[in-house]
2 protein chains.
Amino acid sequence: MPLNEHDNGQVDESFVKEKEAAFADFIQRKGLKTTRQRNTIISTFFRLRGHISVEELLNEVKKANPRIGYATVYRTLHLLVESNLVEERRFGDGLARYEGHSDVEHHDHMICLECGMISEFFNPRLEALQEKLAEENNFEIYRHRLELYGACKDTESCAQRKNKKAAEAQGA
Amino acid sequence: MPLNEHDNGQVDESFVKEKEAAFADFIQRKGLKTTRQRNTIISTFFRLRGHISVEELLNEVKKANPRIGYATVYRTLHLLVESNLVEERRFGDGLARYEGHSDVEHHDHMICLECGMISEFFNPRLEALQEKLAEENNFEIYRHRLELYGACKDTESCAQRKNKKAAEAQGA
DNA sequence: CTGGATTACGAAAACAATTTTCATTTTCGA
DNA sequence: TCGAAAATGAAAATTGTTTTCGTAATCCAG
Ligand SMILES: [Mn+2]
Ligand SMILES: [Mn+2]
Ligand SMILES: [Zn+2]
Ligand SMILES: [Zn+2]
């Protein structure tokens, strides 16, 4: 079951330019070198939406430059994470996913196990409660991850699909 | 109420017996066979505390029977998970960990990135709040995971160790 | 008790995601 | 422009886990 993003829509150019500049800055500060490949990769990455796997990214990158390989994509993603422009996610399907949108504002995820939809949410009370619990345990939080796995109850309901499956299993 | 990893106490025999019986039941119901190896593995597993990796378990198992191999340990752990006697966890270090204690009561985790300590907590308000947020998003939760990554602030403080490291990085 | 179909075992091979190696190319400051 | 340092890409290596396959153990019908 692929974790699909049901989100089309365009990314605006100024956003991409901003990220490219921030990455260039990071590269500079670290004394690394600007390369054609890295530029292609980050510019491609920030034009994509959602939670992108390495393979997805490489496929897109290859459209611009088919000679770019896995290693460089992996390496560049590590740099993006190190520069705080991108966050790595793992939703339990065995592959790393990367997201660079929503400006590194923290958020958590709900993952529909039926259709793969991933939605994001943020709730200050929830965050505060975590801090409170950490405090009580004499613990200092650097970061956290909260993932809700389940099914959407929307139109065409994934939750219903799940029930049907359960019923079939009974009958069998 | 954090049960921490460095807890040494003994596991009481009745607990182990109970789990062995429950597993035997499961094996029976599924029409599988009772084997010496599986018995060794589960009996070893339930005598261990904490969040056990496959390698840790295999090492212990080999003390009882050195001929048991990885494949059987993996296979038996899958059965334990399927039977709901054990839960699989992944705390981001790339390996699966298994826990069978605390009677499958749900709980979440705080992981100290300095000393590796894992403590467990449960808070009904936090759980309720998640349900409320799911409801608002028209989402049905099957399960969730919440992990707080950070540092303990106890004696000898891991948090302090972290600060020292940061200071050194500055100085360099 | 068996016989023998069924299931399990274990060593090794296969896998999948990711990292590393290494020969070659590119970058960039002196 | 030169050359040290860094980056690239193809391929090999690594890591955690799963599968294969020949052999062995289980267990129930007879
Ligand atoms: Mn997200
Ligand atoms: Mn736990
Ligand atoms: Zn859905
Ligand atoms: Zn600690």
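When reading the values below, keep in mind they use all heavy atoms of this one structure, side chains included, and skip hydrogens, waters and symmetry mates. For clarity, every value in this text was computed on a predicted model and none was experimentally measured. Order of the sequence lines fixes the chain letters, A, B, ..., with proteins taken first and strands second; residue numbering starts at 1 for each chain.
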Nucleotide [N], atom [atom2] - distance to [atom1] of [X] in whole Å:
{"X": "B:I52", "N": "D:dG16", "atom1": "CD1", "atom2": "C1'", "result": "17 Å"}
{"X": "B:E55", "N": "D:dT15", "atom1": "CD", "atom2": "P", "result": "11 Å"}
{"X": "B:K30", "N": "D:dT26", "atom1": "NZ", "atom2": "C1'", "result": "18 Å"}
{"X": "A:E88", "N": "C:dA17", "atom1": "CD", "atom2": "P", "result": "14 Å"}
{"X": "A:D93", "N": "D:dT17", "atom1": "CG", "atom2": "C1'", "result": "15 Å"}
{"X": "A:L95", "N": "C:dA16", "atom1": "CG", "atom2": "C1'", "result": "10 Å"}
{"X": "A:L79", "N": "C:dT18", "atom1": "CG", "atom2": "P", "result": "16 Å"}

Next on the checklist: Let's go through A:V54 and A:Y70 carefully: what are the C-alpha distance in whole Å and the side-chain angles of both, what is the deciding distance for side chain to side chain contact (heavy atoms under 4.5 Å, CB included) to 0.1 Å, and is it a yes or a no?
Outcome noted: CA-CA 8 Å; A:V54 176; A:Y70 267 104; 4.0 Å; yes
Checklist entry - Side chains of B:H51 and B:E99: do they bring a donor and an acceptor to under 3.5 Å? => result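 Side-chain D/A pair, B:H51 to B:E99: present.
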Item to check | B:F26: partners by ring pair (Phe, Tyr, Trp, His ring centres under 6.0 Å), with sequence neighbours left out | outcome: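 With neighbours one apart ignored, the set is empty.
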Item to check | Audit row: B:Y98, B:L80, side chain to side chain contact (heavy atoms under 4.5 Å, CB included) steps and yes/no | outcome: CA-CA 9 Å; B:Y98 296 84; B:L80 282 167; over 6 Å; no
Checklist entry - What's the verdict on side chain to side chain contact (heavy atoms under 4.5 Å, CB included) for B:L148 and B:F121, showing C-alpha distance, side-chain angles and the deciding distance? => result CA-CA 10 Å; B:L148 311 183; B:F121 66 95; 4.0 Å; yes
Checklist outcome for this item: Whether each nucleotide of nucleotides 23-30 of chain C has a protein heavy atom under 4.0 Å at its base (B), only at its sugar-phosphate (S) or at neither (-) is summarised, 5' to 3', as ----BS--
Item to check | Given B:I42, B:I68, B:V61, the one that forms side chain to side chain contact (heavy atoms under 4.5 Å, CB included) with B:T76 | outcome: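 Of the listed residues B:I42, B:I68, B:V61, the side chain to side chain contact (heavy atoms under 4.5 Å, CB included) partner of B:T76 is B:I42.
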Checklist entry - Any side-chain N or O of A:H78 less than 4.0 Å from the OP1 or OP2 oxygen of C:dT19? => result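 Answer yes for this pair, as a side-chain N or O of A:H78 is under 4.0 Å from OP1 or OP2.
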Item to check | Polar side-chain contact B:R90-D:dG16 base: donor and acceptor under 3.5 Å | outcome: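 When only heavy-atom distances are counted, B:R90 does not reach the base of D:dG16 through any donor-acceptor pair under 3.5 Å.
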Checklist entry - Looking across every strand, which nucleic acid part, if any, lies under 4.0 Å from A:R38 by heavy atom: base, sugar-phosphate, or nothing? => result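 The answer is sugar-phosphate, as A:R38 gets under 4.0 Å only of primed atoms, P, OP1 or OP2.
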Checklist entry - Which ones in residues 20-27 of chain B lie close to DNA chain D, meaning a heavy atom under 4.0 Å from one of its atoms? => result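 Within residues 20-27 of chain B, no residue comes under 4.0 Å of DNA chain D.
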Checklist entry - Of the residues in residues 61-74 of chain A, which ones touch DNA chain D at a heavy-atom distance under 4.0 Å? => result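 Contacting residues: A:R67, A:I68, A:G69, A:A71, A:T72.
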[X] and [Y] ion-paired at < 4.0 Å:
{"X": "B:K30", "Y": "B:E82", "answer": "yes"}
{"X": "B:R38", "Y": "B:E20", "answer": "no"}
{"X": "A:E147", "Y": "B:R143", "answer": "no"}

Item to check | Sequence-distant partners of A:K62, salt bridge (Lys or Arg N to Asp or Glu O under 4.0 Å), two or more places apart | outcome: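 Once residues adjacent in sequence are excluded, A:K62 has no partner under the salt bridge (Lys or Arg N to Asp or Glu O under 4.0 Å) criterion.
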Checklist entry - What residues, two or more places apart in sequence or in another chain, satisfy salt bridge (Lys or Arg N to Asp or Glu O under 4.0 Å) together with B:E135? => result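 Partners of B:E135 under the salt bridge (Lys or Arg N to Asp or Glu O under 4.0 Å) test: A:K153.
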